[in-house]
Student: 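Here it is, the structure in full.
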Amino acid sequence: MKIGTPKETASGEARVAMTPESAKALQKLGYDCVIETGAGAGAGFSDAAYKAAGVEVVKTAAALWKAADIVAKVRPPTEAEAKRLRKGQTLISFFNPSGNDKLMELARSKGANVIAMEMVPRISRAQKMDALSSMANIAGYRAVIEAGNNFGRFFTGQVTAAGKVPPARVLVVGAGVAGLAAIGTATSLGAVTYAFDVRPEVAEQIESMGAEFVYLDFEDSQDSAGTGGYAAPSSPEFREKQLEKFRELAPDMDIVITTALIPGRDAPVLWTKDMVEAMKPGSVIVDLAAERGGNCELTVPDEKIVTDNGVTIIGYTDFPSRMATQASTLYGNNVRHMMTDLTPGKDGKVVHDMEDDVIRGATVTYGGEITYPPPPPKVQAIATVKKDKPKELTAEEKRAQELAEFRAQTRSQVTLLAVGGAAILLAGLVAPASFMQHFIVFVLAVFVGFQVIWGVAHSLHTPLMAVTNAISSIIILGALMQIGSGSWLVLLLAALSVFMAGINIFGGFMVTRRMLAMFQKS
């Protein structure tokens, strides 16, 4: 069977669904690869590179669609392209099934099998095929680059002889894949980064990347982590509280990047006109949800505008295509992994298993029938575990709790001391005085040592043992005292003891220093 990739016909689209590298992987699955001439030129892949990878290059789109049993594209097919589909042919591409009934019906009437890459369920096993995440990752990164290109200052703060430059303050709304990519990029460029998401459980991820999570003081019983790995729609009360918080932040932010978008739904308006008017001149807003209307009220899809108060609003919808080489590489890998699941025998034959969660979830039409929308996957996208919040104690309850813990600890210590004292007294009744003198010192040493070691963090136990090992070499004093002995045997043993104890001392402190260095930031 042949898998082919035509040249994208959408205006400004530079991506390609097959790269020379992914073609080699597809050939290992048993497929012959074919591509339309010039299909990879916009992404930096020449026809010669495809030929070197064993890919057949055809001159026209018509020849490509006729030759290929499986067609891999990036953008949804046009009506003219869909009319070229034939019975039993498989199309793999973005398809927008929720907003493209006419195209879906056309594919069904042709008897073609359509796999929509944006419909890949968000479960762990399908991450390698998740083209939405791949493209969102690029869009988040590129959004920061575009913002920097339109921002009049450095991202990082500087103190120079010519003056002091404050760091840029960046707010990222939405901490999905695109949001996290934007946070990582802005932070690495030196900006002071803030991030907001309706799911408070992502706060740890945000803070681990060096950004500050914007908390919203709102009691909401709904599960913010919705189905399919996306945030659930917020309640009107929550949304009002959210907008109130954004109005508070707007005057201080230099760059705002909005990423709130759920496939198949219109983008929620999160940055209103009054917030834009409150921002400083020269500020930049990058709206990654522009394709579905935009999170900013003033966004114009596919355009960059400057408001009356000097705020630049970027509404481009082709961020991945602006990094066509990287985007094509990732998307080509997504398609290749999808083909791996469709070819379990690695024999170049498609097995369209509609019992498979991933394949079924992504299939839009199959066997002359429309299979959209798919049933929910058997495996949940995200397992959410709700933890009961600990009850807040009053000042009186805290004092009572602390007093109870102190009394319990006191009783335990007194009991141990009483039992230990009684045991020593019983031993003293039968043991000689010389033994008891050394025994009491030994018991006290054990007690003091236990109290000291018990309070040390577990991570420091190894360096602590190295130090105690070095200190225990106090026996070197005895060896030094015996070196002056007249007996050659005693002298030899004493010298050997000094040598071995010296290794113990210096080695112990060297190990301690190296271990403690592991806990320090270089």
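Bear in mind that the values here come from a model prediction, so they are computed numbers and not experimental data. Just so you know, these numbers use all the heavy atoms, side chains as well, and skip hydrogens, waters and symmetry mates.
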Student: Would Phe95 and Met104 satisfy side-chain contact (heavy atoms from CB on, under 4.5 Å), going step by step from the backbone distance to the final call?
Tutor: CA-CA 8 Å; Phe95 201 81; Met104 195 158 47; 4.1 Å; yes
Student: How about NZ on Lys83, more than 12 heavy atoms from neighbouring residues, nucleotides or ligands closer than 6.0 Å, or not?
Tutor: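 At most 12 heavy atoms, drawn from other residues, nucleotides or ligands, come within 6.0 Å of this atom.
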Student: Considering only NZ, NE, NH1 and NH2 on the basic side and carboxylate oxygens on the acidic side, decide whether Asp357 and Arg125 come within less than 4.0 Å.
Tutor: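 Not counted as a salt bridge, because no side-chain N and carboxylate O are separated by less than 4.0 Å.
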Student: Restricting to side-chain hydrogen bond (donor to acceptor under 3.5 Å, both in side chains), what partner residues turn up for Thr371, sequence neighbours left out?
Tutor: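 If we apply the side-chain hydrogen bond (donor to acceptor under 3.5 Å, both in side chains) test to Thr371, skipping adjacent residues, there are no hits.
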Student: So, using ring pair (Phe, Tyr, Trp, His ring centres under 6.0 Å) as the criterion, who are the partners of Phe213 when residues are at least two apart?
Tutor: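 Ring pair (Phe, Tyr, Trp, His ring centres under 6.0 Å) list for Phe213, sorted by chain: Tyr215.
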Student: If I compare all heavy atoms of Ala17 with all of Thr5, which pair ends up nearest, and what's the gap?
Tutor: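 That closest heavy-atom pairing would be N-CG2, 3.8 Å.
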Student: If the condition is ring pair (Phe, Tyr, Trp, His ring centres under 6.0 Å), which residues does Phe196 pass it with, not counting sequence neighbours?
Tutor: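 Applying ring pair (Phe, Tyr, Trp, His ring centres under 6.0 Å) to Phe196 gives Phe246.
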Student: Determine whether Ile92 and Met339 satisfy the following criterion, side-chain contact (heavy atoms from CB on, under 4.5 Å), listing intermediate values before the conclusion.
Tutor: CA-CA 9 Å; Ile92 301 175; Met339 291 306 303; 3.5 Å; yes
Student: Which of these passes side-chain contact (heavy atoms from CB on, under 4.5 Å) with Ser93: Lys73, Glu81, Glu8?
Tutor: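 The passing option is Lys73.
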Student: Quick test of your reading: applying side-chain hydrogen bond (donor to acceptor under 3.5 Å, both in side chains), list the pairs with at least one residue in residues 312-325, sequence neighbours left out, ordered by first then second residue.
Tutor: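 Passing the test, one end in residues 312-325: Glu13-Ser321, Asp302-Thr317, Asp318-Arg322.
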Student: Checking Arg86 now: which residues fulfil side-chain contact (heavy atoms from CB on, under 4.5 Å) with it, not counting sequence neighbours?
Tutor: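 Partners of Arg86 by the side-chain contact (heavy atoms from CB on, under 4.5 Å) criterion, ordered by chain and then number, come out as Asp69, Gln89.
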Student: Atom OG1 in Thr340, atom CG in Leu29: separation rounded to 0.5 Å?
Tutor: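 The CG atom of Leu29 is 4.5 Å from OG1 of Thr340, to the nearest 0.5 Å.
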Student: Restricting to salt bridge (Lys or Arg N to Asp or Glu O under 4.0 Å), what partner residues turn up for Glu207, sequence neighbours left out?
Tutor: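 Partners of Glu207 by the salt bridge (Lys or Arg N to Asp or Glu O under 4.0 Å) criterion come out as none, since no residue qualifies.
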Student: Which pair of non-hydrogen atoms, one from Asn309 and one from Val276, has the smallest distance, and what is that distance?
Tutor: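 Nearest pair, atom of Asn309 first, then Val276: ND2-O, 3.0 Å.
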Student: Atom CZ in Arg247, atom OG1 in Thr272: separation rounded to 0.5 Å?
Tutor: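 Going from the CZ atom of Arg247 to the OG1 atom of Thr272 covers 4.5 Å.
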Student: Any chance you could measure Ser124, atom OG, to Asp130, atom CG, to the nearest 0.5 Å?
Tutor: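 That separation rounds to 11.0 Å.
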Student: With rounding to the nearest 0.5 Å, note down the distance linking CD in Gln242 to CG in Leu216.
Tutor: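 The CD atom of Gln242 sits 7.0 Å away from the CG atom of Leu216.
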Student: Return the CD1 to CG distance between Ile285 and Asn295, rounded to the nearest 0.5 Å.
Tutor: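 Rounded to the nearest 0.5 Å, the CD1-CG separation comes out at 10.5 Å.
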Student: How long is the span from the CE atom in Met117 to the CG atom in Leu132, to the nearest 0.5 Å?
Tutor: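 Met117 atom CE to Leu132 atom CG measures 9.0 Å (nearest 0.5 Å).
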Student: Is a salt bridge present between Glu21 and Arg336, judged by a nitrogen-to-oxygen distance below 4.0 Å?
Tutor: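 Salt bridge between Glu21 and Arg336, a charged N being under 4.0 Å from a carboxylate O: no.
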